Amino acid sequence: MTLQQEIVGNAMQMAVVNLRPGQTVYCEAGKFLFKTSNVTMETRLSGPSGGGQQPQGGAGGAGSAGMGGLLRQAMGTAMQVGQRALAGESLAFQYFTSQGGEGTVGFAGVLPGEMRALELDGTRAWFAEKDAFVAAESTVDFSIAFQGGRTGMSGGEGFVLEKFTGHGTVIIAGAGNFIDLDPADFGGRIEVDTGCVVAFEEGIRYGVQRVGGLNRQGLMNAVFGGEGLSLATLEGSGRVILQSLTIESLANALKKAQGGDKQGPTGGLFSTRTG
């Protein structure tokens, strides 16, 4: 059943989720805002499909099978935590469950920008850039997808992706404003700044390409164009969500306002420090 939620606000949006009795939603640590008193909060290292539930069978099930199940559970949780640590993600999730009636929970991202609720029907997964995840129903599975080494190493932001599967609602956030595109409407392929990709449906082929060749114009694009050496490529047919503000451009603007590193004429590839 679809999660009852409303996204409110403008420059810094938040998601207000209404939980039915017994319904659970989880979020990445640091994305929680508020809750009603009848909503319980529990912090776990495991994801919703990672064996976070208590083992079945009670004390009567103890023995070699029970110990083996506990060991597999512990190893599964350790693997999840290790993947999230390697990806630079939060190590824990917070779970919220409504008790004794309907409850309300509020969540938000960490940057000024939009939020979006994605509905998963079990047929297609969604991929998102790391740190885009805010919250999801417990019926949605969260995992880390590592993009191929060559693509990831050359793409920077594209090396680690969040993957969502299952059924239910997942809420993501980004910086600035969102635009929804389908590469099929643009000849089957679009090229974007690697920091502008927020999320895309399974079936979209994600890659990274060098900006121009190793010639005069290619170097001009890389040095003075402000885009660095690579662009993300998105091919196929499906939904793609892009953001208008990149974390790098926001960081540069804040440094400039504080009188720190300033962008020179090279568009950010080189910087100058004053003072």
Side-chain angles (χ1 to χ4, degrees), residues 1-3 5-11 13 15 87 109 111-137 139-148 150-152 154-212 221 225-250:
M1 190 176 293
T2 302
L3 189 68
Q5 53 76 33
E6 180 184 7
I7 294 177
V8 299
N10 295 306
Q13 293 188 324
L111 293 172
E114 287 196 46
M115 301 181 74
R116 188 67 54 84
L118 307 174
E119 300 299 333
L120 277 64
D121 61 6
T123 61
R124 273 191 173 188
W126 270 88
F127 295 89
E129 291 292 338
K130 72 186 189 75
D131 298 327
F133 172 67
V134 176
E137 288 183 83
T139 53
V140 173
D141 297 333
F142 174 102
S143 61
I144 299 296
F146 292 95
Q147 194 69 29
R150 183 177 179 182
T151 296
S154 61
E157 297 93 336
F159 182 63
V160 177
L161 297 172
E162 299 171 333
K163 182 178 181 180
F164 308 103
T165 56
H167 295 76
T169 306
V170 57
I171 301 171
I172 60 172
N177 295 121
F178 284 173
I179 183 172
D180 289 67
L181 299 174
D182 186 339
D185 296 332
F186 301 90
R189 175 186 172 101
I190 56 176
E191 300 172 357
V192 302
D193 185 303
T194 54
C196 287
V197 179
V198 179
F200 53 90
E201 284 184 298
E202 186 177 27
I204 294 291
R205 296 184 299 280
Y206 177 89
V208 174
Q209 71 171 26
R210 189 177 301 276
V211 178
N221 288 339
E227 304 302 328
L229 299 175
S230 302
L231 287 175
T233 62
L234 297 157
E235 299 179 86
S237 177
R239 188 175 167 194
V240 172
I241 301 175
L242 306 179
Q243 62 187 7
S244 62
L245 177 66
T246 68
I247 297 177
E248 182 181 11
S249 62
L250 177 61

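Predicted, not measured: the structure shown is a model, and the values here were computed from it.
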Determine, stepwise, if the pair Thr169 / Glu119 fulfils side-chain contact (heavy atoms from CB on, under 4.5 Å). CA-CA 5 Å; Thr169 306; Glu119 300 299 333; 2.8 Å; yes
Does the ring pair (Phe, Tyr, Trp, His ring centres under 6.0 Å) test come out yes or no for Phe142 and Phe133, once each step is laid out? CA-CA 9 Å; Phe142 174 102; Phe133 172 67; 5.1 Å; yes
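By the 6.0 Å contact criterion, CG on Asn10 is open, its count of non-hydrogen atoms from other residues, nucleotides or ligands being 12 or less.
Put simply, CZ on Phe186 and CG on Leu181 are 5.0 Å apart, with the number rounded to the nearest 0.5 Å. A distance of 10.5 Å separates CG of Asn177 from CD of Gln243, quoted to the nearest 0.5 Å.
For Asp121, the side chain to side chain donor-acceptor pair (under 3.5 Å) criterion is met by Thr123, not counting sequence neighbours. Listed by chain and residue number, nothing satisfies the side chain to side chain donor-acceptor pair (under 3.5 Å) test with Thr233 (two or more places apart in sequence, or in another chain). Judged as a side chain to side chain donor-acceptor pair (under 3.5 Å), and not counting sequence neighbours, the contacts of Glu201 are Arg124. Scored by the salt bridge (Lys or Arg N to Asp or Glu O under 4.0 Å) test, Arg189 finds Glu191, Glu235 as partners (sequence neighbours excluded). Checked against side chain to side chain contact (heavy atoms under 4.5 Å, CB included), Leu111 has the following partners two or more places apart in sequence or in another chain: Ala175, Ile247, Leu250.
Under the salt bridge (charged side-chain N to carboxylate O under 4.0 Å, His left out) criterion, no residue pair touches residues 165-174, with sequence neighbours excluded.
In this structure, Gln13 contributes its side chain and Met115 its backbone to a donor-acceptor pair below 3.5 Å.
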